[in-house]
There are 2 protein chains.
Amino acid sequence: MTRTAVFAEIATAAGDPARAGMLNALMDGRALTASELARVAGITPQTASGHLARLTVAGLIAVEKQGRHRYHRLATPAVARMLESIMQVAADAEPPRIKAFVGPRDAAMRAARTCYDHLGVALADAMVARGQIELAPDAGIVTDSGVALLQRLGIDLEARGKRKGRLLCRPCLDWSERRPHLAGAVGAALCTHCFDAGWIKRVEGTRAVKVTTKGERNFREIFGIGG
Amino acid sequence: MTRTAVFAEIATAAGDPARAGMLNALMDGRALTASELARVAGITPQTASGHLARLTVAGLIAVEKQGRHRYHRLATPAVARMLESIMQVAADAEPPRIKAFVGPRDAAMRAARTCYDHLGVALADAMVARGQIELAPDAGIVTDSGVALLQRLGIDLEARGKRKGRLLCRPCLDWSERRPHLAGAVGAALCTHCFDAGWIKRVEGTRAVKVTTKGERNFREIFGIGG
DNA sequence: GAAATGCTTCGGCCGTCACCGTAACATTTT
DNA sequence: AAAATGTTACGGTGACGGCCGAAGCATTTC
């Protein structure tokens, strides 16, 4: 099998509307069952099963059986990055369905979403404004004051397998607002912390997240947003 | 048109073997004619024309007519990044066709290739070894000594639209050797310089590049490789 | 103006694949 | 053991799309 053939295989696997919907649903890192994925894709479980088998052999998703359930998740972070990058191109192609203007920060907060590895635009903005991170289109870096902030939150990034030296992170342009997100290991760690600390909660059955009152207070105090 | 539909559209556009081959051929940034692309994809010009039309409406490639020729190129850097990321997943899926062991540096040099925005593994290695860049999986940064080196080469990155502050770059895992490349603006600038200075030349009709004797000397003197 | 070159459009053929209904299998619950 | 639930396997149908040959435009060359 030649290299472009494998390439085409991967792209085709992601290119079916039903499969695209499933992958999209998995982009927040959760593991879902075939039935759930069938529902989000608007197809019957039988059809979904076939799609999932195909995605699995293509190496895009991995399955983990647990009792009578089989949980499906994205196979690797590389897959998530791929999906992001395709979304990126898709966002460029189909121009702004949400106007580029960004409303009041707290409105953005309430509408917050997460995708795999991501934290909201508002957080990234706030951290940039306070000099805790610097973002370029290609890459980002966490400054000393940013590292200090994260450590105050109990996020020790060196312990998370980051090597000594500067702390780097990966930016991600948000699909709807077209503004940089914070992604990569730093984004994921921060996101996890927000969940663990009870600052945000997942809204049942959707990919949206809700900011709790506790979270609202902390975001205001620590990041100065949502005031 | 919903968002996942656009997503599927994009992925499908890249997912046909013939189209994948064409996109692959365009990944070095060159602009090619329909006939050339037909040849690399192994199809007739009529068929290629149809594919190119589809790729164009999908926003993956852009055309530029010049006389009786029509030159096709990747539409945006985002498209190039997308193709890279798909390649990445493809490389993970279809495991090492070239063993992971990296031979003598100069052998790697002679086999050097370029893809869009990229410079070889050897250069990245050398710069890392000399503390001129630092690379993490998610991002990279050019150190002060790295900036100095680039300036000695006549590459002024601030002039290239980079804002003040730290100079960031984007790493890219090579498809065949699975080692980090230097990509993004810094990689592109360095690559351009190598061509302009006559250090490397494109091998007619392929995506491979050849290191000239002049280049060999400079790489040895400046980066300490190929000795 | 006529011939040549590069490219696109049209029409028809054929394979691939998404989809569902039905049915079988596996695991858990009663 | 029997029923319920989650999942996969099979067979048939229909549509989308890739492919080429032939023909039509556009641009350049003779």
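Lettering of chains follows the sequences in order, A, B, ..., and the numbering in each one begins at 1.
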Legend entry - Side chain to side chain, M87(A) and R3(B), heavy atoms closer than 4.5 Å: yes
Inset, instruction - Taking the side chain as every heavy atom from C-beta outward, state whether V89(B) and F7(A) have any pair of such atoms under 4.5 Å apart. - result: no
What's the [atom1]-[atom2] distance between [X] and [N], to the nearest Å?
| X | N | atom1 | atom2 | answer |
| --- | --- | --- | --- | --- |
| L37(A) | dT8(D) | CG | C1' | 15 Å |
| L55(B) | dT8(C) | CG | P | 12 Å |
| L52(A) | dG6(D) | CG | P | 15 Å |
| E64(A) | dT7(D) | CD | C1' | 17 Å |
| Y71(B) | dT27(D) | OH | P | 16 Å |
| R54(A) | dC19(C) | CZ | C1' | 14 Å |
| Q46(A) | dT7(D) | CD | P | 12 Å |
| L32(B) | dG6(C) | CG | P | 15 Å |

Taking only the side-chain nitrogens and oxygens of [X], find out if one of them lies under 4.0 Å from OP1 or OP2 of [N].
| X | N | answer |
| --- | --- | --- |
| R70(B) | dT8(C) | yes |
| H51(A) | dC17(C) | no |
| T47(A) | dC20(C) | yes |

Legend entry - K65(A) vs D16(A), nearer the 5' end of DNA chain C by closest nucleotide: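 Of the two residues, D16(A) wins.
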Reported [atom1]-to-[atom2] distance for the pair [X] and [Y], which is rounded to 0.5 angstrom:
| X | Y | atom1 | atom2 | value |
| --- | --- | --- | --- | --- |
| H69(B) | T33(B) | NE2 | OG1 | 7.0 Å |
| L74(A) | M82(A) | CG | CE | 9.0 Å |
| L32(A) | R73(A) | CG | CZ | 12.0 Å |

The side chain of [X] lies closest to which of these nucleotides: [options]?
| X | options | value |
| --- | --- | --- |
| A18(A) | dC19(C), dG21(D), dT8(C) | dC19(C) |
| A34(A) | dT8(C), dC20(D), dT7(D) | dT7(D) |
| T33(A) | dT7(D), dT8(C), dT8(D) | dT7(D) |

Inset, instruction - Give S35(A) one of three labels, base, sugar-phosphate or nothing, depending on what nucleic acid heavy atoms sit under 4.0 Å from its own. - result: sugar-phosphate
